[in-house]
Chemist: 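Would you mind keeping the following structure in view while I ask a few things?
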Amino acid sequence: MTNIVIIGGVAGGASAAARLRRLDEQAQIIMLERGPYISFANCGLPYHIGGVIEPREELLLFTPEDMQARFNIDVRVFSEAVSIDRSRQTITVRRTDTGETYQLPYDKVVIATGSSPLRPPIPGIDSPRIRQMWTVPDADAVKKLLQDGSITRTAVIGGGFIGLEMAENLRHLGLQVSLIEAMDQVMAPLDREMALLLEKELKAKGVELTLNDAVDSFQDTGDRVTIRLKSGKQLSAQLVILAIGVRPNGQIAKEAGLDTNPRGGIVVNSRMQTSDPNIYAVGDVVQVKDLVSGDDTMIPLAGPANKQGRIAADNIAGLDSQYRGSLGTSVARVFELTAATTGANEKALQRRGLTLHKDYHRVYVSQNDHAGYYPGATRMMLKLLFSADGQQIYGAQIVGQQGVDKRIDTLATAIRLGASVQALEELELAYAPPYSSAKDPVNMAGFMAGNLLAGHTAFAPWDALEKEPNLQVLDVQETYEAEEFAIPGAINIPLGELRQRYQELDRNKPTVVFCAVGVRAHTAEGMLRSLGFTDVRLYPGGAWFYDYTHS
């Protein structure tokens, strides 16, 4: 009988335990969890704070009793794995409730210790009014602070997924929220111009946004915390939520002599084996391959963790399963908007030394989530990055209100299957007016990529008007549209009049063409090219996108 010890639960550990039992009814499976909960929905914690997920029990996916009854797994909560003795194949376990220690023998181990929130040594950070949101007890502590209604002003440090979700849910409770981010944008997986859509939404919903400024110190004054920033700016809050990133809990592996990376992540092969073939590791704690670049990376997401747990279990049970890498596909709601990414963003491509036009291209699509004539259509902005020859899709980002998730999933699937941009044109996707358009946004991304590769279109940068002051700016919207939102310095010639009035333009001057969202501008772009204009570019997303990124 094989003796298998799983260190940690939640996504990776619980997934490995359940899969192992399905594959091997005879194995002895012991799960160690240092806290009281083995499997909980940590992604749902911000929504529990905001009252969207009200019953606390909804967050608890499996209890120890569930795992015992359903899978015959020996679950030991309040049990921390302190060290691994690889020569004796034993684990030292400490009971966190009593302090008792004992030795636990193993044949195979799965390390699923996850990650922990960063809590840097900022002066004053130990104030009880400064909290994090990572576990159910974390949520309990914040709920307790909020329950008497005395807290009205809050601050969130960090503009990543958890920070944005916490800002939304604190606003949902009617609280004042300041969001502070050290970078010059929120949500790092997005490129700057796409993040601007979220930033406008945050401001519109009453979030006080401070970017490009980091915390220098905290000072607890009894009933509130004074937050001093590097710029000298000061803010005050009665509750502060830290959401500035995570670190892998790989210390037990490092102390056992297993290979780890400089960040403390555990190095594994494609079968999720560590440098010791009897020890596997999964989830936030492991280093994986970036599926686009092939580089080593850390991607702390629940989806990959679940798959890795299953793969480790397969290999322990004698099967041959491999984890081939991650795209970091993710999605988040920010008030009325949804933001989603998959694969590499443009910043990542440039860090790898790739150059726009020479090594990669980008196209933008601004389109409704479903047919415009069907009620309730909302706009989304899609950015697609691909190789200079169009044979590899590097990544995609989408921000919109509805239908964002299914488009990013389609693109993530296309990338994983090695599709070219031409394949996006050919995808046959379900269409009915309430759900999509006959030419889905994913198809349109393929069409635009094909047009770019064929030389039928070219995109101006989203900040072209600021970077190139000598541009000739043409707005082909109808006059009433242009009056409603005027592009700075633009010449307004409605598309229907362009053939008769193009002589009003300088055909030798670099020209950027606008319309409301880009469709008419693309038609005008082709017309001007055929009339001898030497440098014509399409502004991505039209006046709609310009408004979002410049106000």
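Being a predicted model, the structure only gives us computed values, none of them experimental.
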Chemist: So, D369 side chain and T378 main chain: donor-acceptor pair closer than 3.5 Å or not?
Modeler: yes
Chemist: Regarding S387 and D389, do their side chains bring together a donor and an acceptor under 3.5 Å, going by distance alone?
Modeler: yes
Chemist: Assess the residue pair R333 and E168 against the criterion (salt bridge (charged side-chain N to carboxylate O under 4.0 Å, His left out)); give the C-alpha distance rounded to whole Å, side-chain angles, the decisive distance to 0.1 Å, and a yes or no.
Modeler: CA-CA 9 Å; R333 193 182 74 181; E168 176 185 345; 2.7 Å; yes
Chemist: Does any donor atom in the side chain of D85 or Q89 lie under 3.5 Å from an acceptor atom in the other side chain?
Modeler: no
Chemist: Taking T113 for its side chain and I111 for its backbone only, find out whether a donor-acceptor pair lies under 3.5 Å.
Modeler: no
Chemist: What residue among Q273, R271, K108, Q322 forms side chain to side chain donor-acceptor pair (under 3.5 Å) with N315?
Modeler: R271
Chemist: Before we go on, tell me: are the rings of H370 and Y435 under 6.0 Å apart, centre to centre?
Modeler: no
Chemist: Is any side-chain heavy atom of L258 less than 4.5 Å from a side-chain heavy atom of S275?
Modeler: yes
Chemist: Compare all side-chain heavy atoms of L198 with those of L190 and state whether any distance is below 4.5 angstrom.
Modeler: yes
Chemist: Give a yes or no on whether a salt bridge exists between R131 and D138, defined as a side-chain N under 4.0 angstrom from a carboxylate O.
Modeler: no
Chemist: Could you state the interatomic distance from CD1 (I316) to CG (L23), rounded to the nearest 0.5 Å?
Modeler: 10.0 Å
Chemist: Using a distance-only test with no angle check, is there a side-chain donor-acceptor pair under 3.5 angstrom linking S293 and R351?
Modeler: no
Chemist: Set out, in order, the CA-CA distance, both residues' side-chain angles and the distance that settles side-chain contact (heavy atoms from CB on, under 4.5 Å) for S366 and R379, then state yes or no.
Modeler: CA-CA 7 Å; S366 175; R379 189 157 300 284; 3.2 Å; yes
Chemist: Once rounded to the nearest 0.5 Å, what's the spacing between atom CG of L382 and atom CE of M380?
Modeler: 7.5 Å
Chemist: Show the nearest heavy-atom pair for residues Q185 and L211, with the distance to one decimal.
Modeler: C-CD2, 4.1 Å
Chemist: Which heavy atom of A11 sits nearest to which heavy atom of A305, and what is that distance?
Modeler: CB-CB, 3.9 Å
Chemist: Any sub-3.5 Å donor-acceptor pair from R21's side-chain atoms to A27's backbone N or O?
Modeler: yes
Chemist: Quick one: are I180 and V156 in side-chain contact, heavy atoms under 4.5 Å?
Modeler: no
Chemist: Would you name the heavy atoms of I125 and P120 that are closest together and state the gap between them?
Modeler: CD1-O, 3.2 Å
Chemist: If only atom types and distance count, is the side chain of S437 paired as donor or acceptor with the main-chain N or O of K439 below 3.5 Å?
Modeler: no
Chemist: Is there a donor-acceptor pair closer than 3.5 Å between any side-chain N or O of D290 and the backbone N or O of G294?
Modeler: no
Chemist: Run the salt-bridge test on K254 and D259 with the 4.0 Å N-O cut-off and return the result as yes or no.
Modeler: no
Chemist: Does the side chain of V93 reach to within under 4.5 Å of the side chain of E80, using non-hydrogen atoms?
Modeler: no
Chemist: Using a strict threshold of under 4.0 Å (side-chain N to carboxylate O), is an ion pair present between R192 and E346?
Modeler: no
Chemist: Within the distance-only criterion (no hydrogens, no angle test), does the side chain of E181 pair as donor or acceptor with the backbone N or O of M183 below 3.5 angstrom?
Modeler: yes
Chemist: Between S83 and E255, is there a side-chain donor-acceptor contact under 3.5 Å, judged purely by atom types and distance?
Modeler: no
Chemist: Donor-acceptor check, side chain of D359 to backbone of T355, threshold 3.5 angstrom: yes or no?
Modeler: yes
Chemist: Test your reading of the model: is there a side-chain donor-acceptor pair from N345 to the backbone of P189, 3.5 Å cut-off?
Modeler: yes
Chemist: State, yes or no, whether a side-chain contact exists between V52 and N169 at a heavy-atom distance under 4.5 Å.
Modeler: yes
Chemist: For residues 392-401, tabulate all N or O donor-acceptor pairs below 3.5 Å that involve a side-chain atom, not counting sequence neighbours.
Modeler:
{"from": "Q397", "atom 1": "OE1", "to": "D191", "atom 2": "N", "distance (Å)": "2.7"}
{"from": "Q397", "atom 1": "NE2", "to": "D191", "atom 2": "OD2", "distance (Å)": "2.8"}

Chemist: What heavy-atom pair brings L197 and L337 nearest, and what distance separates the two atoms?
Modeler: O-CD1, 3.5 Å
Chemist: Between Y280 and Q308, is the side-chain hydrogen bond (donor to acceptor under 3.5 Å, both in side chains) condition met? List the steps.
Modeler: CA-CA 10 Å; Y280 294 72; Q308 292 159 12; over 6 Å; no
Chemist: Run the salt-bridge test on D296 and K289 with the 4.0 Å N-O cut-off and return the result as yes or no.
Modeler: yes
Chemist: Just do the side-chain hydrogen bond (donor to acceptor under 3.5 Å, both in side chains) check on Q68 and N72 with the steps written out, would you?
Modeler: CA-CA 4 Å; Q68 173 64 47; N72 189 26; 3.2 Å; yes
Chemist: Assess whether salt bridge (charged side-chain N to carboxylate O under 4.0 Å, His left out) is satisfied between R407 and D409, documenting all intermediate values.
Modeler: CA-CA 5 Å; R407 272 68 184 218; D409 287 344; over 6 Å; no
Chemist: To check you understand the geometry: which heavy-atom pair defines the closest contact between V365 and Q367, and what is its length?
Modeler: CG1-OE1, 3.8 Å
Chemist: What's the separation between atom OG1 in T2 and atom OH in Y106, rounded to the nearest 0.5 Å?
Modeler: 14.0 Å
Chemist: For the backbone of N306 and the side chain of R310, can you confirm whether one donor and one acceptor N or O come within less than 3.5 Å of each other?
Modeler: no
Chemist: Within a 6.0 Å radius of atom CD on Q26, are there more than 12 heavy atoms belonging to other residues, nucleotides or ligands?
Modeler: no
Chemist: Please say whether more than 12 non-hydrogen atoms of neighbouring residues, nucleotides or ligands are located less than 6.0 Å from CZ in R119.
Modeler: yes
Chemist: The test is side-chain contact (heavy atoms from CB on, under 4.5 Å); show your working for L411 and L384 and say whether it passes.
Modeler: CA-CA 9 Å; L411 289 164; L384 184 74; 4.1 Å; yes
Chemist: Measure the spacing between OG of S116 and CD of Q132 and express it to the nearest 0.5 Å.
Modeler: 8.0 Å
Chemist: Between F459 and Y364, is the ring centroid distance below 6.0 Å?
Modeler: yes
Chemist: For the CG atom of L301 and the CG atom of L327, what is their distance to the nearest 0.5 Å?
Modeler: 11.0 Å
Chemist: The criterion is ring-ring contact (aromatic ring centres under 6.0 Å, His included); which residues satisfy it with Y548, sequence neighbours excluded?
Modeler: W544
Chemist: When you compare the side chain of R34 with that of V82, does any pair of heavy atoms fall below 4.5 Å?
Modeler: no
Chemist: Atom CD of residue position E428 - does it have more than 12 heavy atoms of other residues, nucleotides or ligands inside 6.0 Å?
Modeler: no
Chemist: Show, in sequence, the C-alpha distance, side-chain angles and deciding distance for T342 and R416, and conclude whether the side-chain hydrogen bond (donor to acceptor under 3.5 Å, both in side chains) test is met.
Modeler: CA-CA 10 Å; T342 188; R416 184 163 286 275; over 6 Å; no
Chemist: Show your reasoning for whether side-chain contact (heavy atoms from CB on, under 4.5 Å) applies to L32 and L104.
Modeler: CA-CA 11 Å; L32 304 175; L104 183 64; 4.2 Å; yes
Chemist: Compare all side-chain heavy atoms of I7 with those of V109 and state whether any distance is below 4.5 angstrom.
Modeler: yes
Chemist: Quick one, V246 with W134, criterion side-chain contact (heavy atoms from CB on, under 4.5 Å). Give me CA distance, side-chain angles, the key distance, then yes/no.
Modeler: CA-CA 10 Å; V246 298; W134 201 245; 3.3 Å; yes
Chemist: Just by modelled atom types, is the N3 backbone N or O under 3.5 Å from a matching donor or acceptor in the Q28 side chain?
Modeler: no
Chemist: What closest approach, in Å, do Q287 and V268 show between heavy atoms, and which atom pair accounts for it?
Modeler: O-CG2, 3.6 Å
Chemist: Any side-chain heavy-atom pair from R263 and R247 closer than 4.5 angstrom?
Modeler: no
